[in-house]
Amino acid sequence: MSELCLYNTLSRSKERFEPLDGKVARVYSCGPTVYAQQHLGNLRAYLFADLLKRALRFSGFEVRHVINITDVGHLTDDADLGEDKMELAARKEGLSAWDIADKWTQVFKRDLEKLNVLPPDVWCKATEHIPEQIEMVATLEQKGLTYRIDDGVYFDTSKDPHYGELARLNLKAQQVQERIEGAAAKRSPVDFALWKLSPKDDTRRQMEWDSPWGRGFPGWHLECSAMSSKYLGAPFDIHTGGVDHVPVHHTNEIAQAENALEVRPWVRFWMHGAWLMFEEGKMAKSKGTGMTLDQVEGRGIDPLAYRLFVLGAHYRQQMSFTDEALERAQTAYSRLVRHALELELAQDSAGVSQVPGFRKRFREVINDDLNAPQALAVLWEVVRSRQLGGVEKRTLLHEFDEVLGLGLAEARIAAPELNARIEDLIRQREEARRARDFAASDRIREELEAEGIILEDTVEGTRWRRA
RNA sequence: GGCGGCGUAGCCAAGUGGUAAGGCGCGGGCCUGCAAAGCCCUGAUCACCGGUUCGAAUCCGGUCGCCGCCUCCA
């Protein structure tokens, strides 16, 4: 049996994976900031995390999975100025920041459910872990790794010789943008806020807390460091996120956590998913180019067809999104489901079995850094194989779907829908056909088709289904 | 300026040293009274140039084009 290998951003290479304790893989996935509905690009990141989780289980490991919800707003624009995204959304929608967070969190979870993403063992919110975050800042402060300026407490990256290793930052050569003039007199451009103080003027934030440094809110990298160690311990196995997180968010998470917790490496495997690209560029909420799952469904496309689409490209590969490609995925998905349904009826006995071969190939490609595109290729080969019997195909389909999560194992032929009128029309059509009155029989078929009923003549007789 | 990625058939994309997976589409065929569904057949020498090698889409050098991150972002 092949071993699971995963690409680790830390080493920039595939490494054999095994949980620290040999049994339970501890995985943390950076969750969304919930000030709007997640778009398809965001969702791709969680489909990637889900594929990882399913692959870990497929390898026989248990998985303890944590996803956070960033419900504290950070800034819309520059790190030092700009309005808080949560508060901005709240103002626009006429709700409190808390309600906004709640609303979009629910939508997010619902979207994941539609995509067949397995729920994590722990959902954790930044706002519910303020004490843990304050504690981490305090620890860093005691170690002399922080400094205070007007608007908050900052992490002094110059004190960490390992700072930036994940991203392989070249601090000296990096051309750093001029900071916008203002309160943030950071000693280094890469220093980052641990605790931001609320503005001194009259503008009060909806979300702020008392701390040893004054009223304010936590820096945006802090929650992940604090919550992951709380629920997974430290070190833990795998941390996932989008590629954009490598240079800043994850780099800073590492700096905080490794120094506060005194473990290094704090996380053994860092895994990053690539972007979903629109024609105009990447999908980004800030650019308003995001398409949501609701819109996908609005086009009559099954969310799982989107899942199939996403699985068609490797998770570390930038993928092009086009309407056309999405629709093609729906065609392919419908076809797959139809096969799955058909196979549910299979009762044959196995011939010379090729099952082990397919099983082996599937495991090998999944174990090779989650090569879903190749896994799908194996799936199609199984579906269209002439060697395999129906029962064997069904068995394999169910097994593979544990990893792919396309809902094929759950596909069941709906109990024959009773519809006396349609049954009656089909009978009439049968009579017409027997009488070779095809004009009449075609008329009936067309009438039904107009209302979305497709008739299929099979050896067992005429079947109908909704288009 | 730094870091990273991409350029494979009409489209979405695998493959990273041994003579190009898969899906969708197109075209042809089988089945059907005709359809639908299903099945079968059918397409590329891998941006370009040069090098290494018995052998390269795959390694090295260069050119062109495209994109991401470096500031919130999956």
Side-chain angles (χ1 to χ4, degrees), chain A residues 9 12 29-33 35 38-49 70 73-85 164 167-177 179-180 189-190 220 240-249 251 272-277 281-287 290 308-309 311-314 316-322 324-336 338-339 342 365 371-381 384 386 433 436-439 441-442 445-446 449 454-459 462-465 467:
Chain A
T9 304
R12 306 284 158 102
S29 297
C30 275
T33 302
Y35 64 94
Q38 303 304 301
H39 60 246
L40 297 181
N42 296 309
L43 262 15
R44 185 185 181 198
Y46 304 102
L47 285 170
F48 149 54
T70 300
H74 298 296
L75 304 173
T76 49
D77 203 338
D78 183 86
D80 305 319
L81 297 174
E83 192 169 5
D84 179 291
K85 281 187 286 200
R168 307 199 167 174
L169 297 182
N170 181 346
L171 265 20
K172 290 199 179 98
Q174 209 161 353
Q175 186 182 53
V176 177
Q177 298 192 336
R179 303 309 299 182
I180 292 178
V190 291
W220 61 79
T240 75
V243 277
D244 58 306
H245 281 156
V246 176
V248 179
H249 184 56
T251 288
H272 297 95
W275 300 113
L276 185 66
M277 305 297 294
K282 81 176 168 174
M283 266 193 200
K285 277 183 278 195
S286 55
K287 290 184 189 164
L308 178 65
F309 169 72
L311 290 174
H314 187 91
R316 280 194 283 121
Q317 212 59 52
Q318 241 176 43
M319 182 176 203
S320 305
F321 178 91
T322 63
E324 204 190 338
L326 183 64
E327 269 151 35
R328 284 193 227 112
Q330 174 65 59
T331 302
Y333 184 65
S334 300
R335 207 164 272 174
L336 222 38
R338 231 171 265 144
H339 277 106
E342 205 60 48
V365 297
N371 197 326
Q374 297 218 53
L376 287 178
V378 176
L379 179 72
W380 282 108
E381 278 185 50
R384 292 184 167 148
R386 294 182 194 177
R433 289 180 71 203
R436 303 197 67 79
D437 181 358
F438 298 123
S441 82
D442 286 349
R445 187 170 64 198
E446 282 157 21
E449 195 175 348
I454 306 287
L455 296 189
E456 296 182 352
D457 298 327
T458 73
V459 280
T462 300
R463 289 200 306 223
W464 65 277
R465 62 181 169 87

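Proteins get letters first, then strands, A, B, ... in listed order; numbering begins at 1 in each.
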### Query
Going by 5.5 Å between centroids and 30° between planes, is there a stack of F438(A) over G33(B)?
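F438(A) ring centre within cut-off of G33(B) base, planes near parallel; stacks.
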
Considering only the [atom1] atoms, how many Å lie between [N] and [M], rounded to the nearest integer?
{"N": "A20(B)", "M": "G33(B)", "atom1": "P", "answer": "42 Å"}
{"N": "C39(B)", "M": "A56(B)", "atom1": "C1'", "answer": "37 Å"}
{"N": "C34(B)", "M": "G29(B)", "atom1": "P", "answer": "14 Å"}

Name the pairing partner of [N], where a pair is Watson-Crick or G-U wobble with both distances under 3.5 Å, or state none.
{"N": "G17(B)", "value": "none"}
{"N": "C39(B)", "value": "G29(B)"}
{"N": "G1(B)", "value": "C70(B)"}
{"N": "C6(B)", "value": "G65(B)"}
{"N": "C59(B)", "value": "G51(B)"}
{"N": "C11(B)", "value": "G23(B)"}

Please list each protein N or O that sits under 3.5 Å from an N or O in nucleotides 14-17 of chain B, with the distance.
from	atom 1	to	atom 2	distance (Å)
A14(B)	OP1	H314(A)	N	2.7
A14(B)	O3'	N371(A)	ND2	3.3
A14(B)	O2'	Q374(A)	NE2	3.2
G15(B)	OP1	N371(A)	ND2	3.0

Return no unless some side-chain N or O of [X] is found under 4.0 Å from OP1 or OP2 of [N].
{"X": "R338(A)", "N": "C39(B)", "value": "no"}
{"X": "R168(A)", "N": "G4(B)", "value": "no"}
{"X": "R335(A)", "N": "G23(B)", "value": "no"}

Sugar-phosphate only, base, or nothing, as touched by [X] at under 4.0 Å among non-hydrogen atoms:
{"X": "S441(A)", "result": "base"}
{"X": "G273(A)", "result": "nothing"}
{"X": "R44(A)", "result": "nothing"}
{"X": "H249(A)", "result": "nothing"}
{"X": "F48(A)", "result": "nothing"}
{"X": "L326(A)", "result": "nothing"}
{"X": "A274(A)", "result": "base"}

Looking only at side-chain atoms of [X], point me to the closest of [options].
{"X": "T322(A)", "options": "A37(B), C12(B), A74(B)", "answer": "C12(B)"}
{"X": "A377(A)", "options": "A21(B), G4(B), C39(B)", "answer": "A21(B)"}
{"X": "T33(A)", "options": "C34(B), A74(B), A37(B)", "answer": "A74(B)"}
{"X": "A325(A)", "options": "C12(B), G23(B), A74(B)", "answer": "C12(B)"}
{"X": "E381(A)", "options": "A21(B), G38(B), C67(B)", "answer": "A21(B)"}

Just by modelled atom types, is the [Y] backbone N or O under 3.5 Å from a matching donor or acceptor in the [X] side chain?
{"X": "T251(A)", "Y": "V246(A)", "result": "yes"}
{"X": "R436(A)", "Y": "R433(A)", "result": "no"}
{"X": "R44(A)", "Y": "A274(A)", "result": "yes"}

#### Entry: Minimum-distance pair of heavy atoms, taken over all atoms of F48(A) and H272(A)
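Heavy atoms only, the tightest pair is CE2-C, 4.0 Å.
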
### Query
Between E449(A) and I454(A), which heavy-atom pair has the shortest distance, and what is it?
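For E449(A) and I454(A), the tightest heavy-atom pair comes out as CG-CD1, 4.2 Å.
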
Could one point to a donor on the side chain of [X] or the base of [N] with an acceptor on the other under 3.5 Å away?
{"X": "R445(A)", "N": "A35(B)", "answer": "yes"}
{"X": "D457(A)", "N": "C34(B)", "answer": "yes"}
{"X": "R328(A)", "N": "C11(B)", "answer": "yes"}

### Message
Once side chain to side chain contact (heavy atoms under 4.5 Å, CB included) is applied, do any residues pair with A49(A), and if so which ones, sequence neighbours excluded?
### Response
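With neighbours one apart ignored, the set is S29(A), T240(A).
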
### No-hydrogen, no-angle side-chain donor-acceptor test under 3.5 Å, Q330(A) and S334(A)
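A pair is found: one side chain offers a donor N or O, the other an acceptor, under 3.5 Å apart.
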
#### Entry: Salt bridge present between E342(A) and R463(A) (N-O < 4.0 angstrom)
yes

#### Entry: Distance, rounded to the nearest Å, where W275(A) contributes CH2 and C69(B) contributes C1'
8 Å

